[in-house]
Amino acid sequence: MGKKIVIHDFEPKIMAFVCKWCTYSGADLAGTSRMDYSPNVRMIRLPCSGRIDPQFMIKAFEQGADGVFISGCHPGDCHYNEGNYYARRRNTTFRQLMDFHGIDIERIEFSWISAAEAIKWTEVIDAFTEKVRELGRHPQYDDEVVDPYAQFLVQKDQESA
Amino acid sequence: MKTATLNKSDIGKCIDLLLQADLRVIAPRLQPQVDEDGPDALEVLTFTEVKSGEGHQVGKGLLPLNGVKEFLFAKHEPLFAYEKRGKKIEIIPVHHEYPQTVIIGVRPCDAASIASLESVFSDANAGFEDPFFTERRSRTTFITYSCTAPDSSCFCTSVELSPDSAKGSDLHLTEIGDGRLHVEVITKAGEAVAKQLQELLKGEGDQATREKAGAEVTEKLTRIRDSAPIMDWLMDTANFDDEMWQRLGEKCIGCGACTFVCPTCHCFDIVDENKGSKGYRVKIWDSCQFDHFTLHASGHNPRDWQYKRYRNRFNCKFKIYPEKFETPGCVGCGRCIRACPVNLDITEYMAEVAHKATNPNAIKAE
Amino acid sequence: MIEQIRNQARQLLENGDVDVVIGYAEGSDPSRTTPIFIRKAEDVEKLIYDPRCINSLPLYLNKRHEYTRKGWKKTAIIGKGCDIRAIVQLIAENQLKRDEIYILGVPCEGVVSHPEKWDGSLHDGNRASKCIGCDVMIPHETDFFPGEKPDVDRSSPYEATSKNVATLMELELDKRFAFWRTDFDRCFKCYACREVCPHCSCNTCITDETMPSWIDPAAHKKGVFSWHLTRAMHLVGRCTGCGECTRACPMGIQVDLFNQRMKEVVQESYSYKPGYSLEDKHPLITYKVDDREDFIK
Amino acid sequence: MSNIYQPDLMTITKVIQEAPGIKTFHLKFQDEEVANNFSFETGQFGEYSAFGAGESTFCIASSPTRPEHIECCFRETGKVTAALANLTEGDTIGFRGPYGNTFPLDDWKGKNLIFIGGGIALPPLRSVIWNCLDLREQDGRFGHISIVYGARSVQDLVYKREIEEWNQMENVTMVKTVDPGGETDDWDGHVGFVPHVLENDFKPDPENTVAIVCGPPIMIKFAFEALERLGFKQEQMVTTMENRMKCGLGKCGRCNIGSVYVCIDGPVFTATQLAALPNDF
């Protein structure tokens, strides 16, 4: 029951930072169960959602990600008892920071997905990909070079890309 | 030397004429503030590229915060690009296209600093020529504008300059009253620019009034220090361990504000900016005030405490520049004084050194 | 008032109760003041206090200023209410011990926003916006206070939303991004905002780390954005709002707007005010099971 | 317009693990024209770059009398050296140079030479040691050559093979030492800090002798003091400074000691020159 392949004008790059105890296994289960989900997501496995430093998300946006996805265990299920609670607080504030900075917080998605919730994983990822696709490309920090002296380099870079 | 007069109100038109001649024009501009009239808002005047003659601040305000340094010695300059292909590397050289640039509204202190930077980056320094600096320099013309209202931090007269000095300038403007400017053509590049502005320049200048106006402004400077004995005092290596460095410098917090706003500070770092298999090697500004600036790989740091770093900065301005590069290291713009969050004042050092140099016995008796 | 402080400082130094008194002295021109370290009792006459005393002195208590602190066992410091909040926050973060510090509190009527704006008196045109709605004009944690210390109710949520933050929040998202983009264009990464901050206490700042290099050292957009976001994030729930980062910025970038916005967020979400309690943990190193999670799928 | 910051590419032809964390590279220019035009003298240094990490300054550790390749030797301490250490045979690195002044070999004619080095500071000495040994072989222009070398422990000694080679040579006195606590059971050298061994065990005669010292700043300081007690005059002592550098061209402004830039006025200094410099190293 594979999905119909649709060709889009814009394929967003989505960076996912996930906890290895829950979401990563959930995604793994989705894979072994032959479920389809959006291929735009690139996953990085971390020991806990509490390990996800906002620095990772800043770097992801800086390196050209259009959306960032963070996922950990449901409250109370953390392998380290409380890591996901810290992650929750950190992200509450970080989202507001990004908003104040002018980045759409719709581009940052946070979810609780357990190792059994393979279906939830596919649903959340598909929905998020669709949302980011509608939002379009993330305003890149390096998309325009103000200094005309460096124009050549950018052109060269684009030619070779 | 040719002279002329120009109406002050025509500067906007001048900029338009220069833009029409396909020149890149850089002029002081006010930057937008969130809240223009709020108690926290300060006028932020910077040199920026302008696209029309409107809204320029030439001759208004005192000194743009950034100075002209960044248009010659960019704060971020790609030196070359590289690409890794397996075990091989390809170096892609950069062929920068340098537009002819005119910087208008440069104050005399900033203009005087160009020669100092040039002495570091040109081949006069050990035969190595920084092509990025020299190419930009050769395509940049400076239209300077004498100061009219120096503030309490200015001290150009203490370092052998004056508010109406034309040193380092290509075309020099001085206010001579009645909304008129006295125009002096100093160099060939200045002459070329003057030719573009032909239709706005009128008759002969008024040299006598210009000199009088300059002298009047010079009178207004309040911060006057004696810089003559500094170099000799610094040359004595015994004074390198003088107690004053530590006493004055202990409040320094080690931010790089003074070095980054300084028109003659030239220190830089070279780093790689990598993305995947490609990247650029870039030259970026650095500051001798940072703690890792001189840190050796072994962990040894020759300038391990902050006061030693400030001592190096002072030595750089008043000893290294004149001795090694044979140009003045300080142009008295006062930016470091205005920028310092803890009011560490270079002129306090100057006064202290001058005092020590002229009264060596008095100090020893203490 | 300053006479009482001087007398107390003189006594402390004479009795050997403290090794140094950190205070303010006249600066190099009439509109400026400068931090001063008084080690000898006869120098206390140099101490001054008036609305020009902007600097946040607790930054010298930070362990980054190791050299300045060398040989000081007990330090007396003159503190305005906002500076004392910074000291309290440093103590709460275990950067300092309460008994190492002797706080000479001063009643404060606000300070000037920039030395350039000083015209001989303090008025609405030059009073720093951080002073509007300040509830620590009579400081809260002191060892010495000139005169009688009145009781002040500090339980209410503090300072209303700053006008500048509100203006920015009203803007469309892309306008806000554009605003920061033009503002940060001027940044050349002198790190004055970091160095004046009393709370930046890492031995090696993340931006100086090279392995890995999280923040590009160059002052291009990527590097600048990444630096300012990281700085703001590291100060969430810790910033006591002294506004020194904006004042110190040589390019006039209002970097503390980020901190002011985050102050609101922390207050709305966790009703936390940094710098008022010696014991409270700051909000990002603690949690409640029922914290808000309306954004989580 | 030639770009002074652009390196020439070199291939790593051989990698030698000298000691834990310390590697030697043998390098050859990829471009033949560059290779033919390249020459250097002993004492000079270069800027070696690992693309993607940056540039680092090391001396050229090989002797100009053996021009088939150049060598560099480094310890893994930071970003660039870690990236370099990851490279293997056949990989490409960048090289700018040679920069700086040279050891005054002409002045040393007919004199006895003592080389004093510590830890990772042997590579710059090794270049000049081999240079002098080779020249002496050709025309006997130097007198007796002695080498005093020490490291923190036996395993931290670099160029172990060559130390043995020098040990076997006639007309060469090899004094090796390790810091107290760093010796092993089969260690046949001295135990003690280099300046200490120099002064108390080796006791060189200052007559018609030049001492060349290289090492960490603290070792240079103590070695100079020890030599002075032995009767050496300042002009008989030469060292090479290793300040932090970025450009190597006298522009980036970080290697200066007073108004002397180590990169263009150094790195080789006599003790007389150093004594005239402010205390900034």
Side-chain angles (χ1 to χ4, degrees), chain B residues 79-80 82-84 87-91 93-95 120-121 125-135 234 237 239-241 265-272 274 277 279 281 283 286 288 292-303 308 311-312 315-316 319-325, chain D residues 1-9 11-12 30 47 49-56 74-75 77-78 80-81 87-94 99 119-120 216-218 242-244 246-261 263-265 275-281:
Chain B
L79 300 171
F80 59 84
Y82 58 83
E83 191 169 352
K84 290 183 209 170
K87 288 194 175 266
K88 294 279 167 232
I89 302 269
E90 192 199 349
I91 291 186
V94 285
H95 299 293
V120 176
F121 288 114
N125 174 14
F128 296 113
E129 183 189 67
D130 183 313
F132 304 95
F133 179 90
T134 47
E135 282 290 304
L234 291 176
T237 47
N239 292 330
F240 200 72
D241 296 316
C265 273
H266 65 270
C267 291
F268 61 84
D269 195 356
I270 298 174
V271 295
D272 279 11
N274 207 36
S277 63
R281 180 155 297 164
K283 190 171 101 183
D286 203 347
C288 60
H292 50 271
F293 185 69
T294 51
L295 182 68
H296 293 193
S298 63
H300 170 77
N301 194 346
R303 298 181 203 132
K308 296 186 180 172
R311 175 176 66 188
N312 178 65
N315 269 279
C316 180
K319 179 176 163 224
I320 302 178
Y321 254 115
E323 194 189 338
K324 177 132 193 92
F325 304 118
Chain D
M1 166 176 105
S2 73
N3 187 349
I4 51 171
Y5 302 108
Q6 187 173 317
D8 294 314
L9 297 177
T11 308
I12 302 171
Q30 290 179 355
E47 294 285 337
S49 45
F51 291 94
E55 281 184 320
S56 227
F74 58 92
R75 175 190 284 157
T77 44
V80 179
T81 42
L87 299 178
T88 52
E89 263 172 48
D91 279 337
T92 306
I93 74 165
Y99 298 134
I120 184 71
I218 191 81
E242 299 283 320
N243 269 15
R244 184 165 181 177
K246 280 290 177 182
C247 65
L249 305 156
K251 311 217 182 291
C252 79
R254 68 189 68 212
C255 63
N256 66 312
I257 304 170
S259 12
V260 164
Y261 275 61
C263 57
I264 47 183
D265 304 318
L277 292 178
N279 177 27
D280 200 15
F281 50 86

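Throughout, a chain's letter reflects where its sequence line sits, starting with A, and its residues are numbered from 1. Please read all numbers here as calculations on a predicted model, not as lab measurements.
- The part of B:D241 that comes within reach of chain D is its side chain, from C-beta onward, which places non-hydrogen atoms under 4.5 angstrom from that chain.
- Taking B:D272, B:D269, B:T294 one by one and counting their heavy-atom pairs under 4.5 Å with chain D, the maximum is reached by B:D272.
- Among B:E129, B:H296, B:R311, B:K283, the residue making the largest number of heavy-atom pairs under 4.5 Å with chain D is B:H296.
- B:N312 touches chain D through its side chain: at least one heavy atom from C-beta onward sits under 4.5 Å away, while N, CA, C and O do not.
- Between the NE2 atom of B:H300 and the CZ atom of D:R244 there is a distance of 13.0 Å, given to the nearest 0.5 Å.
- With respect to B:D286 and D:K246, no salt bridge is recorded, no charged nitrogen being found less than 4.0 Å from a carboxylate O.
- Nearest approach of B:F293 to D:C252, heavy atoms of both residues: CZ-O, 4.1 Å.
- Atom CG of D:L9 is separated from atom OH of B:Y82 by 12.5 Å, given to the nearest 0.5 angstrom.
- Taking CD1 of D:I257 as the reference point, atom OG1 of B:T237 lies at 13.0 Å (rounded to 0.5 Å).
- Neither the backbone nor the side chain of D:P216 comes within contact range of chain B; no heavy atom of the residue lies under 4.5 Å from a heavy atom of that chain.
- Using a 4.5 Å cut-off between heavy atoms, B:K88 contacts chain D through both its backbone and its side chain.
- Residue B:V271 does not touch chain D at all, counting heavy-atom pairs closer than 4.5 Å.
- Contacts between B:L295 and chain D at a heavy-atom distance below 4.5 Å involve backbone atoms as well as side-chain atoms.
- Listed here is the closest heavy atom pair of B:P131 and D:S2: CG-O, 3.4 Å.
- Distance check, rounded to the nearest 0.5 Å: CG of B:N274 to CZ of D:F51 gives 11.0 Å.
- Counted by atom type alone, B:K87 and D:T88 present one or more donor-acceptor pairs between their side chains at under 3.5 Å.
- Contacts between B:F325 and chain D at a heavy-atom distance below 4.5 Å involve the side chain alone, from C-beta outward.
- In this structure, chain B has heavy atoms under 4.5 Å from both the backbone and the side chain of D:N256.
- Proximity to chain B is absent for every atom of D:C263, based on heavy atoms less than 4.5 angstrom apart.
- Heavy atoms closer than 4.5 Å to chain B are found in both the backbone and the side chain of D:L249.
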